[in-house]
There are 2 protein chains.
Amino acid sequence: MSAPRRDSGEPRHLPVSAGPATAGGRARAPRHTLSHEVILERALVVLDERGPEGLTMRGLAGELGVGPMALYTYFRSKDELLDAVRDQVLRGLADTPTDGDWVDRLRAIGTSLYRLLVAHPTLIHLFATRPLAGTEAAEATEAQLSALRDAGFDRVTAAQAHLTLLHHALGAATWEVQLNAGRGDADSRRRRQASLAAMSPERYPTIVELAAELVTDTVGEEQFASGLELILAGLRQRLGA
Amino acid sequence: MSAPRRDSGEPRHLPVSAGPATAGGRARAPRHTLSHEVILERALVVLDERGPEGLTMRGLAGELGVGPMALYTYFRSKDELLDAVRDQVLRGLADTPTDGDWVDRLRAIGTSLYRLLVAHPTLIHLFATRPLAGTEAAEATEAQLSALRDAGFDRVTAAQAHLTLLHHALGAATWEVQLNAGRGDADSRRRRQASLAAMSPERYPTIVELAAELVTDTVGEEQFASGLELILAGLRQRLGA
DNA sequence: ACCTGAACACCGTTCAAGT
DNA sequence: ACCTGAACACCGTTCAAGT
């Protein structure tokens with residue numbers, strides 16, 4: 001019910017009736033085509049399409065045409081594979097501006113992080129699941145911190161603001177991805193509207209009053225942007241004081 | 001390595017050598033002691049102690065002294081059980097103030113949500129994983145929205161600000177829980193410091209400069225509070241304009 | 001209604017072995 | 001070094017059955 005993507009129905013191992021060297025090709029073992037890159041690329045595709053639960057070592061190996069244990073030559077465990085995927089995705093962060101108005105720079109960096117998180121929901125899951133060294137997105141972190149320092153913030157405030165921007169992007173993306181999951185699903189939308197409609201106007205007058213604004217749930221990136229502007233306004237104000 | 005809590009070593013089914021009706025008691029089947037409440041309570045304990053991966057239907061049933069299938073009388077699936085746990089935990093949100101200064105009210109509500117998320121990390125995972133109707137925390141939502149409306153914000157801004165506050169708390173808690181997981185772990189701390197120390201001062205001058213501020217990672221709730229103040233300052237400023 | 005026990009179709013990973 | 005195949009100790013859930 002929550003994981004309708006689980007079984008896609010395709011057989012994992014095509015039963016190969018012919019011997020390995022038969023003419024007509026694409027038998028089961030592609031010999032030496034495996035590599036870190038190939039595995040990571042495929043893992044990311046699976047993760048994006050079927051979600052974290054959809055990635056299994058056995059299934060991934062099957063898709064790559066090898067036995068389950070072949071992957072263990074390249075990654076010591078599934079955990080290690082997931083870490084590698086996370087780092088790989090983070091490297092996909094758009095190049096970030098290092099000059100210009102500090103507010104514009106922070107906006108650009110924050111937005112590109114948010115977009116990356118929404119584009120690869122699995123990254124959110126990895127952020128929330130796997131231990132972080134804290135320097136996986138060094139380029140973006142550097143750009144963000146230097147913008148804050150250039151603006152004139154002290155070290156502590158700059159570090160705190162950096163984390164706040166990160167936290168907000170992470171939370172907003174988490175929420176958005178959750179809603180996205182339920183968006184296509186008519187059943188889920190119905191449940192949402194039903195539970196809003198069932199709210200008691202006496203106990204929850206403001207929720208009922210703002211029901212329209214709450215279900216619109218502002219297309220995601222727009223909502224993210226509004227929160228970002230709030231934080232930026234707070235920063236600008238602090239700079240004035 | 002990432003899930004060191006996985007196998008606690010205790011046997012799940014004590015092998016009962018005596019018959020079911022032997023004197024001396026506490027045989028395997030406690031007859032009619034099962035209920036929604038008992039199952040949920042135990043599930044939450046397991047979730048808090050061993051994390052989401054640590055909760056299995058079989059294991060939970062074993063701890064309750066029943067066969068795996070006994071749980072399915074009360075919950076149609078593991079998904080349904082998890083939803084029930086989430087709703088149960090959310091009901092634990094501290095009572096929220098409904099009068100007084102709107103800034104104080106927002107601070108109180110935000111902080112109690114943050115604390116709940118950090119106290120039950122599994123809630124974060126459920127937020128990021130399971131479809132939401134959006135009204136699970138109706139009391140807190142109502143309190144937050146009414147504070148914003150009382151302050152004088154229009155409907156759209158109030159709805160957006162509510163979500164921003166939520167997103168920030170969620171993101172901050174996610175990050176904090178991640179760090180907590182690595183805090184006891186000396187290996188993880190070493191990795192963190194090592195990767196910061198290995199940063200090139202030419203490519204990442206600001207990260208290196210702020211290394212101290214970044215590793216301190218401001219005790220969690222303090223970091224959350226600083227972000228919250230930024231958002232509140234942004235709101236206050238918007239009200240003036 | 002409440003619970004059991006066997007079974008099915010999965011997992012990640014170890015181990016011994018092949019090339 | 002790279003990959004296979006069998007095996008181990010798990011999963012969630014279905015199904016038929018017992019009380």
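Computed over heavy atoms, backbone and side chain alike; hydrogens, waters and symmetry mates excluded. Reminder, nothing fancy here: chain letters follow the sequence lines and each chain counts from 1.
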Evaluation steps, side chain to side chain contact (heavy atoms under 4.5 Å, CB included), between Leu81(A) and Leu40(A): CA-CA 8 Å; Leu81(A) 171 62; Leu40(A) 282 180; 3.8 Å; yes

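In this structure, His125(B) and His125(A) have tilted ring planes: the angle between them lies in the 30° to 60° band.
Just one of Thr73(A), Val66(A), Leu44(A), Leu64(A) meets the side chain to side chain contact (heavy atoms under 4.5 Å, CB included) condition when paired with Ile39(A); it is Leu64(A). Here the rule is side chain to side chain contact (heavy atoms under 4.5 Å, CB included) with Val85(B), and of Leu55(B), Leu47(B), Leu90(B), Leu123(B) only Leu47(B) fits it.
Taking atom NE2 of residue His36(A) and atom P of nucleotide dA1(D), one finds them 13 Å apart after rounding to whole Å. Per the geometry, CZ belonging to Arg58(A) stands 15 Å off P belonging to dC10(D), to the nearest Å. Taking atom CE on Met69(B) and atom C1' on dC15(D), their separation rounds to 9 Å, with Å as the unit. Going from atom CZ of Arg76(A) over to atom P of dA1(D) covers 14 Å, rounded to whole Å. Between Glu53(B) atom CD and dG12(D) atom P the separation is 11 Å, expressed in whole Å. Atom CZ of Phe75(A) is separated from atom C1' of dC3(D) by 16 Å (rounded to the nearest Å). Rounded to an integer number of Å, the gap from CD of Glu80(A) to P of dT13(C) is 10 Å. One can place CG of Leu60(B) at 17 Å from P of dC10(D), the figure rounded to the nearest angstrom.
Of the candidates dG12(C), dT4(D), dC2(D), the closest approach to any side-chain atom of Thr73(A) belongs to dC2(D). Candidate nucleotides dT13(C), dC3(C), dG12(D) were compared by shortest atom distance to the side chain of Tyr74(B), and dC3(C) ranks first. For Val66(A), the listed nucleotide lying nearest its side chain is dT4(D); candidates were dT4(C), dT4(D), dG12(C).
At the heavy-atom level, Met57(B) lies under 4.0 Å from the strands shown only through sugar-phosphate atoms.
The side chain of Tyr72(A) contributes no N or O atom lying less than 4.0 Å from OP1 or OP2 of dC3(D).
The partner of dT4(C) is dA16(D), by the rule that a Watson-Crick or G-U pair needs both atom distances under 3.5 Å.
Other residues, nucleotides and ligands contribute only 12 or fewer heavy atoms inside 6.0 Å of the CD atom of Glu41(A).
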